[in-house]
Structure formats: C-alpha cells, structure tokens
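Notes follow the structure.
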Amino acid sequence: MSPPPAAPSSRTPWRAVIGGSVGNLVEWFDWFVYASFATYFAGAFFPKGDATAQLLNTAGIFAVGFFMRPVGGWLLGRYADRRGRKAALTLTVTLMSASALLIAVAPTYDQVGYAGAAVLLVARLLQGLSVGGEYAASATYLTEASNPGRRGFVASFQYVSMTLGQLCGLGLQILLQHTMSDDALHSWGWRIPFLVGTVGAAVVFWLRRNLLETEAYEAAEGTEEGRGAEGHERGTIRQLLRHRREFALVMALTMGGTVAYYTYTTYLTKYLSNTAGMSKSDASLVSFCALFLFMLLQPLAGALSDRVGRRPLLISFGVGSMLGTVPIMSTLSETSSFGGALLLSLAALVIITGYTSINAVVKAELFPTHVRALGVALPYALANALFGGTAEYVALWFKNAGVESGFYWYVSGCAAVSLVVYATMRETRDAALTPDRPTEAAPAVSPKTPV
C-alpha cells in the first residue's frame, strides 16, 4: 500500500534543487568550455591563417551543436514525459560525458587533417542532443519539485547552476593561463577542461540516480490522460500540437533572451579581446567577476517574481535590452580598463536577469504535465538554434564585414520582438501544475523511492 501524500511544506526542497542543479552545472560547464577555450584550440583543427577565420570555423561548429538541440529536445523531452524527469536527467549527463571525452582526445589538423574537425563536430552534435533535453528536464524537475509560491525562486537555480558551470570553466581557464605558457595552452592545455568535465559527469550520474521523481509527474499517471489513450501518447508531437499557442509563445519569448544571454556570456570574452583590445587573461577575468555577481542575482529575482509575477520581470528585460544594448556594446568596444568593462558587462547582465531568472519556470507553467517536458524542450531548442546558437557567428560575421555595430542593432531588434510577447502574454505565476487539484494542495516531491 502506498504511503499517503506528503503534506505541503513551506521549506525549499534543497535535495531536489541540488540534485537537479549539480548535473546542470556539469552539463553547462562542458557546453561553455567549448566557447571559452575556442581561442586556444581553434588553430588545432583548422589550417593556420587568419585568427578571425579560425574563430569563424569553430563558431560555426558551435552553432551546429545548437541545431542538434531541437532533436535532443524532441527525443529527450518525450523520454522525460514518458519515463520520468529523473530518468531523463540521468541520460542527458551520460551523453554529455561522452561528448566531453571525445573532444579531450580529438586528433589535431596536423595529425589527421580535417578528420580531427570531424571528431569535434560529432562531439558537438552529441552535446547539442544532450543539452536540448537537459534544459527541459531540469526546468521541469525544478518547477515541479517546488512548493507553491516558491517556484520562481527554486527554478531560478537552473541559471545559477548554468552560470556556475560557466564560472568553473572560466575559473579553470584563468588558472591555466597563470600556470601554463601560452604555447602549452594552444598545444595541449585546452584539453584539460574537457577531461575535468568527463570526470565531473561521472560523479553527477551517481547523484542523479538517487533523485526522487516529482509528485506532479506521478499524479498525472492517475488522471484520465495518464490512464487513457492520451497516456500512451505522453510527450508526443500530436499532444504538443494541441498547445500550438503555447509552443509559439515559448519560441517568441525565448528569442530576445537567448540572443542577449549568449552575447554577454559566451561571446563577451572574445568581444573584449578582439574588439576592445583587452588581453585574453583580463577579458576572462572581467567575464568571471561579472558572471559571479550575475549568478547571485538569479534567486533574488526569482523570489521577486513569486511576489509580483513573471510578466513584470520579463517586460523590464525587454525594455532594458531593446534600449540599452547599442549604448552598452558601443561603449564596451572603446573600453580597455578592467573597471569600466566590468561595470558595463554587469549592467547588461542585470538587465538580462529579468529573463534568465524566470524563463524556465514560465515555460514549464504554460504546459500540462503529460507534455510539459516536450513543450518546454522543443520550442526552446528551436529558438536557441535560430537565435542563441547563431549569435556568436552573426557577431563575428558583422565584424568580418566591417560593420560590427550592426550586431548591436540585431540584438536590440530581437529583444523588441520578445517585448511585444511579454506585454501581451498571460501571467503564469498561479498556474496549477497537477491535474484536477488546486495549486495549494500540490506536494512538491513524491515520498516514494523511485525504482
């Protein structure tokens, strides 16, 4: 006989937060390490020549990984809706470990010609597959594992872990820059972070196997959707197409946020180095400090959304990004001092916090349980493939064409489109996550130990 449902608790389910986030940290450590170390390994996989051309090649492969994310969002989102959030979280970190190991041992252009770049491409495709499912599985798990009234706060830890993963990558880069010669880093030192990511993923695999399944997912199995014909189609495209409006809404609200996020995170170090003329080490340190403060803002903004709603924060991001991108980027391009670059970078990241802190919970709150993971994964992954994954490539294309300021207006335009969506969408803060029961009575995590 099953034990009675757990009573709702006002305390944050920290075991669920840590379990869902620590794997997300390793996933995004591996994902962002590719971007932050690209300046060192770009010459290893392509013929020697113009540095910007080599970066364009590696940025192109970086973008290809994003185009695999919709496939990962579809396959792993379906898997999460049919087999559970915990099972999907375990699978995604396994795939990421394999991709990191591939990059760590990939042969160079001097050794095997373009075959080394082919190995790099396969690894990026695996990363795209994994991250495409990781975002949705993590967002859905953290949202469903939250107690009512604290979903914004708990779900904000997704971007805390994502940012911490990037900080670990940047921190390791700074450490290696100060302990290894530049020649050693370009020769073989860039492989170290990918080996670290492989080991970290093995640890997270064990941690995630001990997670509990969410009560919202298990409760859905007892509803008509879980028992009937729809139960056999959980996580299918057919079920998702019943929520076309929400699908389009996720794509549109993601558009501006993902372009701005990748502009001021993965691309920022290259921008400060290539455009502002800062040294690679100083540029990395600016990014590290700005991202650390940005990480601390996420739970505060998430908790604020639990009080005032999600839309006010999204609207503040839309307005700030639309109006602030051009002046911030233009001023950054002429700033060579550490303090000035840090203040401008932090100003941009404060604006973006209005999106990053709550975008995961907003998307999860839009869909019913039986299609929630797929509903979050697929449209988000498509938007990232079209806008987030190409942001760095578009920026370098504008730079190569001699009209770098065109990219600033591109980012502002994407934010303007999303702002229209933020201003017209419904508020999701009070949405019920479990079927046929009020939000106030929904326990966060199942008391049953999963098989």
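Thr140 and Lys363 are not linked by any side-chain donor-acceptor pair at a separation below 3.5 angstrom, with hydrogens and angles left out of the test.
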*Show your working on side-chain contact (heavy atoms from CB on, under 4.5 Å) between Tyr271 and Leu396 and close with a plain yes or no.*
CA-CA 9 Å; Tyr271 182 76; Leu396 289 170; over 6 Å; no
*asked:* Before you tell me yes or no, could you show the steps for Ser287 and Thr269 under side chain to side chain donor-acceptor pair (under 3.5 Å), namely the whole-Å CA-CA distance, both residues' side-chain angles and the distance that decides it to 0.1 Å?
replied: CA-CA 6 Å; Ser287 295; Thr269 304; 2.9 Å; yes
*Test side chain to side chain donor-acceptor pair (under 3.5 Å) applied to Gln298 and Ser156, step by step*: CA-CA 6 Å; Gln298 304 309 300; Ser156 71; over 6 Å; no
*For Thr275 and Glu404, run side chain to side chain donor-acceptor pair (under 3.5 Å): C-alpha distance rounded to whole Å, both residues' side-chain angles, the deciding distance at 0.1 Å, then the answer.*
CA-CA 9 Å; Thr275 299; Glu404 191 166 19; 2.7 Å; yes
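Note that CG of Leu366 is 8.5 Å distant from CZ of Arg245, once rounded to the nearest 0.5 Å. Distance CH2/Trp397 to OG1/Thr390: 12.5 Å, rounded to 0.5 Å. Rounded to the nearest 0.5 angstrom, Met162 CE and Leu25 CG are separated by 11.0 Å. Within the model, atoms CD of Gln177 and CD of Gln173 stand 4.5 Å from one another, a figure rounded to the nearest 0.5 Å. Rounded to the nearest 0.5 angstrom, Ile192 CD1 and Leu176 CG are separated by 5.0 Å. With rounding to the nearest 0.5 Å, the separation of OG in Ser97 from CZ in Phe194 is 13.0 Å.
The shortest side-chain heavy-atom distance between Leu419 and Phe317 does not fall under the 4.5 Å cut-off. Residues Val308 and Leu313 meet the side-chain proximity criterion, which asks for heavy atoms closer than 4.5 Å. In this structure, the side chains of Phe398 and Ser405 stay at 4.5 Å or more apart for every pair of heavy atoms. Under the 4.5 Å side-chain criterion, counting only non-hydrogen atoms from C-beta, Tyr408 is not in contact with Ser412.
The side chain to side chain contact (heavy atoms under 4.5 Å, CB included) test with Gln127 is passed by exactly one of Leu95, Ile103, Leu102: Ile103.
Classification of Arg208 and Glu134 as a salt-bridged pair holds, one side-chain N sitting under 4.0 Å from a carboxylate O. Salt bridge absent: Glu144 and Arg151 never bring a charged side-chain N and a carboxylate O closer than 4.0 Å. For Arg310 and Glu365, the salt-bridge test passes: some basic side-chain N is under 4.0 Å from an acidic carboxylate O.
Checked against the 6.0 Å centroid criterion, the rings of Tyr159 and Tyr261 qualify as a close aromatic pair.
In this view, Tyr380 and Tyr135 satisfy the ring-ring contact (aromatic ring centres under 6.0 Å, His included) rule, not counting sequence neighbours.
Atom CZ of Arg426 has more than 12 neighbouring heavy atoms from other residues, nucleotides or ligands inside a 6.0 Å radius. No more than 12 heavy atoms of other residues, nucleotides or ligands lie within 6.0 Å of CZ in Phe292, so this atom counts as exposed by the packing criterion.
The closest donor-acceptor contact from the side chain of Asp81 to the backbone of Ala373 lies under 3.5 Å. Looking at Arg311, its side chain does come within 3.5 Å of a backbone N or O of Tyr422 through a donor-acceptor pair. Remark: the backbone N or O of Arg307 is paired with a side-chain donor or acceptor of Arg429 at under 3.5 angstrom. Panel note: side chain Thr198, backbone Leu101; a donor-acceptor pair is recorded below 3.5 Å. In this structure, the side chain of Arg78 does not engage the main chain of Leu75 through any donor-acceptor pair within 3.5 Å.
Ring-plane geometry between Phe37 and Tyr40 is classed as tilted, the angle between the planes lying from 30 to 60 degrees on a 0 to 90 degree scale.
In terms of heavy-atom proximity, Ala136 sits nearest to Ala377 at CB-CB, 3.2 Å.
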